[in-house]
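Working notes, beginning with the structure itself.
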Amino acid sequence: MRTIAIISQKGGAGKTTLAIHLAAAAAGEIVTLVVDTDPQATASRWSEWRGGIDPEIIDCGAPSLLAGKLSKAAELGAELAVIDTPPHADAMARQAARLADLILIPCRPKAFDLAAIEATAELVKASGKPAFVVLMAGPPKAPLIYKEAAEVIEGSFGLQLAPVMLPERAAFHHSTAQCRTAEDFDQGGKAAGEIRALWSWTRGQLSMSAREPVHTLAPAG
């Protein structure tokens with residue numbers, strides 16, 4: 001089983017939006033679950049309101065339990081786990097980073113958000129795992145903003161930038177409010193296309209092959 005950790009030490013960075021959309025895109029091809037480690041349990045509530053439709057979402061309240069949760073999920077047939085971590089929780093974030101094959105760091109291309117990424121950069125560098133920043137919720141057309149953000153991320157903090165961004169799209173807001181994804185909301189829309197592109201790139205980073213799902217994951221409790 002491959003594992004992705006979604007990490008940011010800043011609240012409101014878009015971790016849960018990234019986690020559920022990426023996992024939902026992956027679930028169309030492989031058996032996928034989200035591990036919700038945030039005490040706010042946003043992903044878990046979204047799944048409950050969604051009525052159990054993939055991706056499967058399980059909770060994990062303590063860093064010491066995370067490895068066991070992942071191990072059990074793998075035993076039940078999961079091929080990909082996406083860990084949604086809480087902000088300002090070094091212990092859980094560090095454990096998630098330690099167990100991950102890939103770390104994704106959501107970040108808005110704004111000054112305060114970029115400044116706050118320094119703590120996250122230090123955490124992921126200490127893990128020694130591949131890590132990429134995913135720019136989110138910025139203006140759809142603002143090349144200068146993204147150029148300046150890239151200079152800070154790559155130049156000042158030494159992090160790599162994912163080649164796919166998720167700009168501000170109404171589909172993300174409308175879909176999550178309806179317990180859906182951007183793909184469910186508007187399959188042919190720009191948001192859905194960007195999520196598919198991000199999953200395709202992420203799958204390559206994990207050296208995974210696309211294929212049809214063969215079964216549904218049983219609850220990992």
Side-chain angles (χ1 to χ4, degrees), residues 1-23 25-26 30 32-38 43 55 60 63 66-67 69-70 78-138 145-167 194-208:
M1 184 179 76
R2 299 287 194 272
T3 301
I4 301 170
I6 310 294
I7 295 175
S8 173
Q9 298 298 89
K10 187 179 186 305
K15 290 187 294 296
T16 300
T17 297
L18 178 57
I20 61 179
H21 276 85
L22 194 60
I30 57 178
T32 304
L33 81 156
V34 175
V35 184
D36 185 359
T37 70
D38 192 336
C60 181
L66 185 56
K69 292 272 187 177
L70 293 174
E79 297 168 274
L80 176 67
V82 180
I83 307 172
D84 182 18
T85 64
H88 315 304
D90 284 350
M92 182 62 83
R94 290 183 189 282
Q95 179 70 340
R98 187 180 71 82
L99 297 171
D101 298 295
L102 176 68
I103 298 170
L104 297 181
I105 307 163
C107 181
R108 298 171 184 265
K110 299 178 181 179
F112 290 142
D113 295 75
L114 292 167
I117 208 172
E118 184 174 5
T120 306
E122 293 173 357
L123 187 153
V124 300
K125 286 178 182 178
S127 75
K129 301 299 179 65
F132 295 86
V133 174
V134 180
L135 289 175
M136 299 183 61
I145 288 177
Y146 292 114
K147 179 178 180 294
E148 292 174 346
E151 290 173 353
V152 172
I153 290 165
E154 298 174 339
S156 300
F157 299 134
L159 292 170
Q160 299 182 82
L161 194 63
V164 181
M165 300 181 296
L166 301 181
E194 287 155 356
I195 288 293
R196 288 193 296 269
L198 182 62
W199 163 237
S200 179
W201 170 81
T202 302
R203 185 179 58 213
Q205 295 299 310
L206 295 169
S207 301
M208 302 183 78

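All values derive from a computational prediction rather than experimental measurement.
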Check your understanding: Atom CD1 of Ile145 and atom NZ of Lys110: how far apart are they, to the nearest 0.5 Å?
Key -> 9.0 Å
Practice item. For the pair Ser200 (side chain) and Ala197 (backbone), establish whether a donor and an acceptor sit closer than 3.5 Å, ignoring hydrogens and angles. Key: no
**Study point:** Shortest non-hydrogen contact from Ile195 toward Ala25
**Key:** CG2-CB, 3.8 Å
Check your understanding: What distance do Leu198 atom CG and His21 atom NE2 have between them, rounded to the nearest 0.5 Å?
Key -> 11.0 Å
Check your understanding: Are the side chain of Thr120 and the backbone of Ser8 linked by a donor-acceptor contact shorter than 3.5 Å?
Key -> no
Point to revise | Verdict with supporting geometry, Gln205 and Asp101, side-chain hydrogen bond (donor to acceptor under 3.5 Å, both in side chains) | key: CA-CA 9 Å; Gln205 295 299 310; Asp101 298 295; over 6 Å; no
Study note, to complete from the structure: Heavy-atom closest pair (Ser127 atom, Ala97 atom, distance to 0.1 Å) is CB-CB, 3.8 Å
Exercise for review: Enter the distance from Thr37:OG1 to Met92:CE here, rounded to the nearest 0.5 Å.
Suggested key: 4.5 Å
Review point. Within a strict 4.5 Å, meaning less than it, do heavy atoms of the Leu102 and Arg2 side chains meet?
Key: no
Study note, to complete from the structure: When rounded to the nearest 0.5 Å, the distance separating CE of Met136 from CG of Asp113 is 11.5 Å
Practice item. Check whether any side-chain N or O of Arg108 sits under 3.5 Å from a backbone N or O of Gly12 as a donor-acceptor pair, and report yes or no. Key: yes
Practice item. May I ask you to check whether over 12 heavy atoms, not counting those of Lys125, lie within 6.0 Å of atom NZ? Key: yes
Review point. Are the side chains of Ile4 and Leu206 in touch, meaning some heavy atoms are under 4.5 Å apart?
Key: yes
**Study point:** Separation between CG of Asp36 and CD1 of Ile83, rounded to the nearest 0.5 Å
**Key:** 11.5 Å
Check your understanding: CD1 of Ile7 to CG of Leu18: how many Å apart, nearest 0.5 Å?
Key -> 11.5 Å
Report, one line per pair, each donor and acceptor closer than 3.5 Å where one atom sits in a side chain of residues 149-164; sequence neighbours left out.
residue : atom : partner : partner atom : Å
Glu151  : OE2  : Lys147  : NZ           : 2.8

Exercise for review: Determine yes or no for a side-chain-to-main-chain donor-acceptor pair under 3.5 angstrom, with Lys129 supplying the side chain and Arg98 the backbone.
Suggested key: yes
Point to revise | Closest approach of Pro87 to Lys10 (non-hydrogen atoms, all atoms of both residues) | key: CB-C, 3.9 Å
Point to revise | For Phe132, ring-ring contact (aromatic ring centres under 6.0 Å, His included) partners two or more places apart | key: Trp201
Review point. Should Pro55 and Ile20 count as side-chain neighbours, where that means a heavy-atom distance under 4.5 Å?
Key: no
Exercise for review: Might you work through the side chain to side chain contact (heavy atoms under 4.5 Å, CB included) test for Leu22 and Leu104, ending with a clear yes or no?
Suggested key: CA-CA 11 Å; Leu22 194 60; Leu104 297 181; 3.6 Å; yes
Check your understanding: Does Thr85 use its side chain to pair, donor to acceptor, with the backbone of Ile6 at less than 3.5 Å?
Key -> yes
Review point. Side chains of Thr202 and Met208: closer than 4.5 Å at any heavy-atom pair?
Key: no
Review point. Can you name the closest pair of heavy atoms from Ala23 and Thr32 and give their distance?
Key: O-CG2, 3.7 Å
Exercise for review: Identify the two heavy atoms, one from Cys60 and one from Lys69, that lie closest to each other, and give their separation to 0.1 Å.
Suggested key: SG-CG, 4.0 Å
